[in-house]
J.: 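Encoded as structure tokens, here's the structure I'll be asking about.
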Amino acid sequence: MDKRYAVILAAGRGTRMRSSLYKVLHPVCGKPMVQHVIDQISQLSIDKIITVVGHGAEKVKAELGESCEYALQTEQLGTAHAVMQAGAALENLDGTTIVICGDTPLITADTMSALLKHHKETNAKATILTAKADDPTGYGRIVRADGSVKKIVEHKDANADELQLTEINTGTYCFDNKELFKALKKVSNNNVQGEYYLPDVIEILKNEGETVSAYQTNSFDETLGVNDRIALSQAEKIMRERINKLHMKNGVSLIDPDSTYISADAVIGEDTVIYPGTMIMGETEIGSNCTIGPHTEIKDCKILNGTTIRQSVSHDSEIGNNVAIGPFAHIRPSSVISDKVKVGNFVEIKKSTMGEGSKASHLSYIGDAEVGKDVNLGCGSITVNYDGKNKFLTKIEDGAFIGCNSNLIAPVTIGKGAYVAAGSTVTDDVPTEALSVARARQVNKEGYVSRLKMNKNS
């Protein structure tokens with residue numbers, strides 16, 4: 001099999017984004033757009049991926065890591081100049097190179113695979129990915145003669161007949177690798193912008209009698225390049241629709257797909273129902289037969305089967321089977337919620353574990369705690385974990401019962417099966433099956449109110 005290479009153009013500043021964030025790092029459905037491109041290319045058995053970086057190079061490298069190699073374009077002198085920067089790694093190699101822009105997050109592996117296949121079948125030295133555009137304004141037009149590509153003409157250079165053409169250049173190409181780098185050395189910057197343009201390679205190869213082909217994709221949406229916030233929102237909408245349709249085809253019910261936001265990396269099991277206003281972000285995994293939402297935010301969580309989360313927020317945590325969370329609960333990072341746990345309204349859990357069958361049904365804060373099995377935390381229970389300088393651990397062992405409005409001052413351990421009386425402030429360990437009463441004894445002062453009123457009236 002021929003060797004395959006990829007060059008991703010990701011060096012532009014992206015001034016039209018009007019942002020301090022480097023353009024290709026702007027997220028689409030929670031993932032930087034250049035990462036979408038990398039992920040799709042990585043499905044194609046590519047032998048070497050070179051990402052050409054410029055502005056914000058270190059941030060791009062930090063994001064993409066070792067998923068590719070890098071070439072630096074210190075001056076942005078056009079697309080051909082950008083590809084030239086990959087020459088040190090590629091120019092002497094036999095094989096096929098696909099060139100794609102890092103700001104095209106909607107491109108799919110299927111389309112790129114079809115492009116590569118067409119390139120090989122036509123024995124071309126260059127193949128252009130094209131698409132039909134309802135409104136081709138601003139795009140380079142594909143001019144054909146007897147079905148084959150004659151040239152690419154830029155919009156500003158097109159004559160009246162050429163302006164009527166609707167087949168456009170998407171900016172993605174396949175090349176014979178050695179022919180690409182040979183032609184790049186012949187590209188001139190004799191134009192208004194003083195830049196080296198990659199489409200000029202097509203004209204050079206054509207003039208040398210080489211075969212130049214074109215593969216027209218059926219999906220114009222895939223070719224969308226993101227240059228401003230408007231295009232970014234369009235890409236977000238298209239990607240979200242694509243993701244939601246995939247989940248629905250896989251057996252997930254979305255009550256209102258238009259108001260459901262699911263990240264590109266989320267995994268959701270069959271027969272789970274997602275209600276409106278829900279955001280599922282990051283690398284979240286949700287099992288089958290779950291009910292999520294409405295108006296729920298989940299990020300980087302692993303949730304097992306049969307769990308319900310309503311009007312709540314959960315980040316960076318593990319949630320077991322048949323758990324009930326919400327409404328209006330907050331599961332903060334590094335929490336582990338075991339099977340059959342109930343976390344009720346206005347309960348916050350942070351960096352804590354809750355054992356199987358335990359309950360915190362209302363108005364509680366559980367932070368830096370180890371809660372065992374079948375523990376009942378009454379309304380208003382609080383683990384007091386912070387002394388102003390340090391955080392401390394609270395342990396509540398299996399079967400303990402914590403009465404309403406109890407403060408557990410960490411570090412403290414509540415023993416197995418122990419009871420804490422309502423309204424207690426516990427500062428010392430409670431032994432197994434003991435009752436802890438940590439509050440002032442009630443005193444009733446008979447006649448106090450009458451005497452108080454008499455004193456006021458005298």
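Keep in mind the model is a prediction, meaning the values are calculated, not measured.
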J.: Spell out, as yes or no, whether a donor-acceptor pair under 3.5 Å connects the side chain of Ser253 to the backbone of Val273.
T.: no
J.: As a quick check of understanding, evaluate side-chain contact (heavy atoms from CB on, under 4.5 Å) for Arg240 and Tyr261, giving each step before the final call.
T.: CA-CA 7 Å; Arg240 182 156 52 89; Tyr261 301 80; 3.3 Å; yes
J.: What is the distance from atom CD of Glu285 to atom CD1 of Ile303, rounded to the nearest 0.5 Å?
T.: 10.0 Å
J.: Write down the atom of Ala421, the atom of Ser424, and the distance for their closest heavy-atom approach.
T.: O-OG, 2.8 Å
J.: Atom CD of Glu318 and atom CD1 of Ile337: how far apart are they, to the nearest 0.5 Å?
T.: 10.0 Å
J.: Are side-chain heavy atoms of Lys120 and Cys174 found at a separation under 4.5 Å?
T.: no
J.: Looking at side-chain heavy atoms only, is the closest gap between Val28 and Leu232 below 4.5 Å?
T.: yes
J.: Side-chain contact test, heavy atoms from C-beta onward, threshold under 4.5 Å: evaluate it for Lys342 versus Ser361 and give yes or no.
T.: yes
J.: For the backbone of Gln311 and the side chain of Thr296, can you confirm whether one donor and one acceptor N or O come within less than 3.5 Å of each other?
T.: yes
J.: Could you pull out every donor-acceptor pair under 3.5 Å between side chains of residues 262-271 and any protein atom, sequence neighbours left out?
T.:
residue, atom, partner, partner atom, Å
Ser263, OG, Asp265, N, 3.4
Ser263, OG, Ala266, N, 3.3
Ser263, OG, Gly282, O, 2.6
Asp265, OD1, Lys31, NZ, 2.9

J.: Go through the steps to decide whether Ile366 and Ile396 satisfy the test side-chain contact (heavy atoms from CB on, under 4.5 Å), and finish with yes or no.
T.: CA-CA 11 Å; Ile366 312 300; Ile396 306 173; 5.8 Å; no
J.: Can you tell me if Tyr365 has over 12 outside heavy atoms packed within less than 6.0 Å of its OH?
T.: yes
J.: Within a reach of under 6.0 Å around CG of Asn390, are more than 12 heavy atoms found that belong to other residues, nucleotides or ligands?
T.: yes
J.: Would you compute the distance between atom OH of Tyr70 and atom CD of Glu58 and round it to the nearest 0.5 angstrom?
T.: 9.5 Å
J.: Would you say His36 and Met239 make side-chain contact, with heavy atoms under 4.5 Å?
T.: yes
J.: Donor-acceptor pair, Asn169 side chain versus Gly140 backbone, under 3.5 Å?
T.: no
J.: Applying salt bridge (charged side-chain N to carboxylate O under 4.0 Å, His left out), can you list everything that pairs with Asp47, at least two apart in sequence or on another chain?
T.: Lys3
J.: Which donor-acceptor pairs under 3.5 Å do side chains of residues 7-18 form with protein atoms, sequence neighbours excluded?
T.:
residue, atom, partner, partner atom, Å
Arg13, NH2, His55, ND1, 3.3
Arg13, NH2, His55, NE2, 3.3

J.: Between Asp429 and Thr413, which heavy-atom pair has the shortest distance, and what is it?
T.: OD1-N, 2.9 Å
J.: Taking the side chain from Asn321 and the backbone from Asn305, do they hold a donor-acceptor pair closer than 3.5 Å?
T.: yes
J.: Test Met281 against Asp300 for side-chain contact (heavy atoms from CB on, under 4.5 Å), laying out the working first.
T.: CA-CA 7 Å; Met281 302 177 289; Asp300 293 325; over 6 Å; no
J.: Report yes if the side chains of Ser314 and Lys299 come closer than 4.5 Å at any heavy-atom pair, otherwise no.
T.: no
J.: Measuring from Tyr173:OH to Cys101:SG, what's the distance to the nearest 0.5 Å?
T.: 8.0 Å
J.: Does the Ser317 side chain pair with the main chain of His315, one donor and one acceptor, at a distance under 3.5 Å?
T.: yes
J.: Step through the shown structure and confirm whether more than 12 heavy atoms of other residues, nucleotides or ligands are within 6.0 Å of NZ on Lys117.
T.: no
J.: For residues 430-450, run the donor-acceptor check on the side chains, cut-off 3.5 Å, and write out each pair with its distance to 0.1 Å, sequence neighbours left out.
T.:
residue, atom, partner, partner atom, Å
Arg439, NH1, Ala422, O, 2.2
Gln442, NE2, Asn444, OD1, 3.1

J.: Count the heavy atoms belonging to other residues, nucleotides or ligands that lie under 6.0 Å from CD of Glu63, then report whether that count exceeds 12.
T.: yes
J.: Of all the heavy-atom pairs spanning Ile325 and Val323, show the shortest one and how long it is.
T.: CG1-CG1, 3.6 Å
J.: Excluding sequence neighbours, so at least two apart, what forms salt bridge (charged side-chain N to carboxylate O under 4.0 Å, His left out) with Asp374?
T.: none
J.: To check you understand the geometry: which heavy-atom pair defines the closest contact between Tyr5 and Gly95, and what is its length?
T.: CE1-CA, 4.0 Å
J.: Quick one: do Lys350 and Asp368 satisfy salt bridge (Lys or Arg N to Asp or Glu O under 4.0 Å)? Show the steps, please.
T.: CA-CA 6 Å; Lys350 171 256 178 184; Asp368 297 286; 2.6 Å; yes
J.: Should we count CG of Leu452 as having more than 12 external heavy atoms under 6.0 Å?
T.: yes
J.: Within the distance-only criterion (no hydrogens, no angle test), does the side chain of Ser381 pair as donor or acceptor with the backbone N or O of Cys379 below 3.5 angstrom?
T.: no
J.: Quick one: salt bridge (charged side-chain N to carboxylate O under 4.0 Å, His left out) partners of Asp398, sequence neighbours excluded?
T.: none
J.: Would you say the side chain of Ser338 lies within less than 4.5 Å of the side chain of Met354, judging by non-hydrogen atoms?
T.: no
J.: Provide the closest heavy-atom pair for Gly378 versus Ser364 in the form atom of the first, atom of the second, distance.
T.: O-OG, 3.4 Å
J.: Is it true that the side chains of His118 and Thr127 contain a donor and an acceptor less than 3.5 Å apart?
T.: no
J.: Quick check against the 3.5 Å criterion: does Ser312 have a side-chain atom that pairs as donor or acceptor with the backbone of Arg310?
T.: yes
J.: Are any non-hydrogen side-chain atoms of Ser406 and Val426 less than 4.5 angstrom apart?
T.: no
J.: Write down the atom of Ala80, the atom of Tyr197, and the distance for their closest heavy-atom approach.
T.: CB-C, 3.5 Å
J.: Is Glu69 reaching over with its side chain to a backbone N or O of Ile49, donor-acceptor style, under 3.5 angstrom?
T.: no
J.: Taking the side chain as every heavy atom from C-beta outward, state whether Met33 and Pro27 have any atom pair closer than 4.5 Å.
T.: no
J.: Looking only at atom types and distance, does a side-chain atom of Thr79 sit under 3.5 Å from a main-chain N or O of Leu198, one as donor and one as acceptor?
T.: yes
J.: Side chains of Thr383 and Asn385: any donor to acceptor distance under 3.5 Å?
T.: no
J.: Apply the test side-chain contact (heavy atoms from CB on, under 4.5 Å) to residues Thr172 and Thr111: give CA-CA distance (whole Å), side-chain angles for both, the deciding distance (0.1 Å), then the verdict.
T.: CA-CA 11 Å; Thr172 296; Thr111 294; over 6 Å; no
J.: Calculate, to the nearest 0.5 Å, the distance between atoms CD1 and OG1 belonging to Ile280 and Thr260 respectively.
T.: 8.0 Å
J.: Could you tell me the separation between the CD atom of Glu222 and the OG1 atom of Thr217, rounded to the nearest 0.5 Å?
T.: 5.0 Å
J.: Please check if the number of heavy atoms outside Lys245 that lie under 6.0 Å from its NZ is greater than 12.
T.: no
J.: Distance-only, no hydrogens or angles: does the Gln40 side chain make a donor-acceptor pair with backbone N or O of Thr108 under 3.5 Å?
T.: no
